[in-house]
Amino acid sequence: MHIRTDDTVQVIAGSDRGLRAKVQRVIAKHNKVVIEGVNRVYKHLRRSQKNPQGGRLSKEMPIAMSNVQLVCPRCNKPTRTGVKHNSDGSKARICRKCKAEIGLFSPPKKKAAAAATAKK
């Protein structure tokens, strides 16, 4: 997945288009994300002992991951992401516009780390 929890994203399609917000949850199985303040719906609650007032609860619903784009923390623009392979065997996400490293994608591999130290 190119989008992770706590990333800042911009909505590029739908009624909330252009909004920038933080990712609360990633649902990888369904390729969706839940974003703060985006795709809000009302859930109507019946009166019960737990909720004696009843009423409407506003909550965020998942949005398709294809409808959001990651915002690069360095250039502050929505961008596609790429993968950079480091010498220690780890992979990092990079911004396609400014080539800045956004964060690690996978941890270092033992074989690659051993090979890198053997070369020196």
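This chain uses plain numbering: 1 for the first residue, then up along the sequence. The shown structure was predicted, so the numbers you read here are calculated from the model rather than taken from an experiment.
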Mind listing the closest non-hydrogen atom pair of [X] and [Y] along with its distance?
X: V33; Y: M65; answer: CG1-CE, 3.7 Å
X: R74; Y: A100; answer: NH1-CB, 3.4 Å
X: P62; Y: N39; answer: O-ND2, 3.0 Å

To the nearest 0.5 Å, tell me how far [X] [atom1] sits from [Y] [atom2].
X: I3; Y: I102; atom1: CD1; atom2: CD1; answer: 10.0 Å
X: K32; Y: M61; atom1: NZ; atom2: CE; answer: 8.5 Å
X: T79; Y: K97; atom1: OG1; atom2: NZ; answer: 5.5 Å
X: K84; Y: C95; atom1: NZ; atom2: SG; answer: 13.0 Å
X: R93; Y: C72; atom1: CZ; atom2: SG; answer: 10.5 Å
X: T8; Y: E36; atom1: OG1; atom2: CD; answer: 9.0 Å

### side chain to side chain contact (heavy atoms under 4.5 Å, CB included), paired with Q69, selected from H2, R80, K77
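Checked H2, R80, K77 against Q69; only one passes side chain to side chain contact (heavy atoms under 4.5 Å, CB included): R80.
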### Message
Tell me whether L70 shares a hydrophobic cluster with I63, the cluster being built from Ile, Leu, Val, Met, Phe, Trp, Tyr side chains joined at under 4.5 Å.
### Response
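Both belong to a single hydrophobic cluster.
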### Connected via hydrophobic side-chain network under 4.5 Å: I94 and V71
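No: no chain of side-chain contacts under 4.5 Å links I94 to V71.
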### Query
If you look only at pairs with a residue in residues 16-27, which of them pass as a side chain to side chain donor-acceptor pair (under 3.5 Å), with sequence neighbours excluded?
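Residue pairs passing side chain to side chain donor-acceptor pair (under 3.5 Å), neighbours aside: Q10-R20, R20-N76.
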### Query
Which pairs with one or both residues in residues 50-66 pass side chain to side chain donor-acceptor pair (under 3.5 Å), sequence neighbours excluded?
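Qualifying pairs: R40-S58, R40-E60.
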#### Entry: Backbone of D88 reached by a side-chain donor or acceptor of N86 within 3.5 Å
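Not confirmed, N86 side chain does not pair with D88 backbone.
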